[in-house]
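What follows is a short report on a single structure.
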Amino acid sequence: MLQVAFIRENKELVVERLAKRNINAVEMINNVITFDEDRRRLQAELDTTLAESNRLSKEIGNLYKSGEVEKANVLKEKTSLLKDTSKELSELLGSKTEALTELLYKIPNIPNEMVPRGNSELDNEEVFAAGTVPKLHDKALPHWKLAKKYDIIDFELGNKITGAGFPVYKGKGARLQRALIAYFLDKNTAAGYTEYQLPLLVNEASGIGTGQLPDKEGQMYHVTEDNLYLIPTAEVPGTNIFRDVVLSESELPVCITGYTPCFRREAGSYGAHVRGLNRLHQFDKVEIIRVEHPSESYKALDGMVDHVKDILKDLKLPYRILRLCGGDTSFASALTYDFEVFSTAQDRWLEISSVSNFETFQANRLKLRFKNSEGKNELAHTLNGSSLALPRVLAGILENYQTEEGIVVPEVLQPYTGFSIIN
RNA sequence: GGAGAAAUGGCAGAGUGGUCGAAUGCGGCAGUCUUGAAAACUGUUGAGGGUCACACCUCCGGGGGUUCGAAUCCCUCUUUCUCCGCCA
C-alpha cells in the first residue's frame with residue numbers, strides 16, 4: 001500500500017510511474033487526495049468535539065466533588081449533545097477512512113525507474129544469460145514423459161488422490177526433491193540466511209499484510225471453517241513475522257529462508273502451459289526474505305540476484321534473467337527480476353525464480369518499521385525471492401540432463417541424493 | 001472438547017470509575033565523575049493522527065456496550081496458563 005503523504009507530495013511522479021503498468025491513475029490519485037482531505041477535516045472536527053466533551057466531563061467530576069449537583073446536571077445535558085455530534089462525526093470519519101483504505105488497497109506499487117514500460121512478457125528486458133544449452137540425443141523427451149518412463153513422478157495418481165496439479169513423487173523422484181530442498185537451504189544458510197519452518201496456513205491479517213488480500217483471494221485455497229488460507233508462498237508467513245514490529249537499526253538487515261509447500265488455485269490457467277510440472281496447485285519452494293534499510297535495499301536486491309545466479313551456476317543449467325516490464329511486475333513489487341531456465345526438450349523458457357524489491361509497499365501494510373538514526377520510526381523495505389521453486393528446476397534438470405542411459409544427477413546434488421543417475 | 005485463571009509501555013510489574021498515557025524496577029539514550037571503562041548519581045525514554053510549530057485527539061489483547069467520565073464495570077471474540085479428556 002502506498003503512503004498517502006507520499007502520494008500527496010509526489011502526485012505527478014506517482015501517475016507517471018503507474019503509467020508503466022499501463023494504468024491511468026489520475027482519477028484514483030485525485031480521489032485519494034480528496035478522500036484524505038475529507039478524512040483530515042472530519043478528524044479535526046471530531047477532535048474538537050471530543051476535547052470539549054473531555055473538558056466538561058472533568059468539570060462535572062469537580063462539581064460532584066464540591067456537591068454542586070445542579071450545576072453538574074446542566075453540564076450533563078450539554079455533553080449528551082456533544083455525544084450525538086461526536087457519534088455522527090466518528091461514523092462519517094469511519095466510512096471515509098474505510099473508503100480511502102479500500103482505494104489505497106487497489107493501487108499497485110509504483111515501479112522503479114529502471115522498470116521498462118510494457119504490457120506483457122514480450123516487453124520484459126533480458127539483462128543476463130548464462131550456461132550452455134545441451135545438445136540432446138534424438139530420443140530426448142519432455143519431462144512429463146521422462147517422469148513416466150523412469151517412474152519418478154505419478155501425475156495420474158495425484159489426479160486420483162486429489163485432482164490435477166497435485167503430483168506424487170516416487171522413489172528417486174522423491175529423493176531428488178528432498179535433495180534439492182536440502183541443497184537450496186544449505187546454500188541459503190551459507191549465504192547468511194537463517195532457516196525458518198513456517199505455518200502453511202495463515203489468517204486474514206497475514207494475507208492482507210503481504211497483499212494477497214483483499215483482492216486476490218481467488219488465488220488462495222480458503223479454509224472457510226476456520227477462516228484460514230493455505231499459503232501460496234512462504235513470503236506470506238515469512239514476511240508477516242514482521243507485522244507490527246519495530247526493529248532497531250542494528251538488527252537490519254534481516255535475512256531468512258524457509259522451505260514450504262505452496263498452494264495455488266491457478267484459476268484461469270489452461271493448455272500446454274500447465275503440462276507436467278509447468279504449473280501445479282501444490283509445489284515446493286525454498287524462499288529467501290530480507291528486511292532492509294531503505295538505503296540498502298537495491299544493493300540487497302542485486303545480492304539476491306547474484307545468489308540465485310550462483311545456485312544456477314552450480315546446477316549447470318542454462319538460464320536467463322529478465323527485468324520485468326511494468327505490466328508484468330506483480331502488484332506489490334517495485335522491481336522484479338525473473339529467472340528462467342531453458343527447457344531444451346520443450347524448447348521454451350520456464351520461470352524458476354522471481355526476486356523482488358517491494359520497498360515500503362508491504363511494510364506500510366505490515367507496519368514494519370525500524371528506529372532510524374534520528375530515533376524516529378521509519379518504514380523498512382522488504383524483499384523476497386525464490387531460491388528456488390522446485391518443479392521447474394526439476395523439469396529443467398530432467399530435460400537437460402537426460403542421456404540415453406538415463407538422467408544424470410547434477411554433481412552438486414549427488415551428496416544429497418546418494419545416487420548419480422536415474423535409470 | 002470440558003472447567004478455571006489471566007492479557008497493561010522494549011521487558012518485568014502496580015493500578016478495580018475522574019487527579020492515569022499510566023507508579024516502580026530493569027533495559028535504552030544523554031550528561032556528571034573517570035586517562036578510558038565499570039560503578040554511582042542526574043536527566044530523559046511508547047505508538048498513531050493532527051499542526052509551520054504548539055494545542056488537541058486516539059490507543060492498557062481485538063470488537064461492542066454501560067456511564068457526564070472506563071485500563072478499571074458488562075457482553076463477545078482471540079490468545080496464554082493450570083487441571084481433566086483425546087491424540088501424532
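Chain identifiers are assigned alphabetically (A, B, ...) following the order of the sequence lines, protein sequences preceding nucleic acid strands; residue numbering begins at 1 within each chain. Remember, predicted model here, so these are calculated numbers, not experimental data.
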What's the CG-P distance between A:Leu56 and B:G18, to the nearest Å?
19 Å
In whole Å, I'd like the distance from the CG atom of A:Leu89 to the P atom of B:C56.
20 Å
Counter-base of [N], judged by Watson-Crick or G-U geometry with both distances under 3.5 Å:
| N | value |
| --- | --- |
| B:G36 | none |
| B:U44 | B:G28 |
| B:C83 | B:G2 |
| B:A14 | none |

Would you mind telling me which of [options] lies closest to the side-chain atoms of [X]?
| X | options | answer |
| --- | --- | --- |
| A:Asn54 | B:C57, B:G18, B:G50 | B:C57 |
| A:Thr79 | B:A47, B:C68, B:G50 | B:C68 |
| A:Arg8 | B:G18, B:G50, B:A47 | B:G50 |
| A:Leu50 | B:G18, B:G48, B:C57 | B:C57 |
| A:Ala51 | B:A47, B:C68, B:C56 | B:C56 |
| A:Lys83 | B:U51, B:U67, B:G18 | B:U67 |
| A:Arg369 | B:G18, B:G48, B:G50 | B:G48 |

Does some side-chain heavy atom of [Y] sit less than 4.5 Å from a side-chain heavy atom of [X]?
| X | Y | value |
| --- | --- | --- |
| A:Phe283 | A:Leu390 | no |
| A:His381 | A:Val291 | no |
| A:Pro116 | A:Asn124 | no |
| A:Tyr183 | A:Asp314 | yes |

Any N or O donor-acceptor pair linking the side chain of A:Asp47 to the base of B:G49 at under 3.5 Å?
yes
Touch class at under 4.0 angstrom, heavy-atom based, for A:Lys371 against every strand present:
sugar-phosphate
Are A:Asp310 and A:Lys187 ion-paired here, with the side-chain N under 4.0 Å from a carboxylate O?
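The answer is yes: the pair qualifies as a salt bridge.
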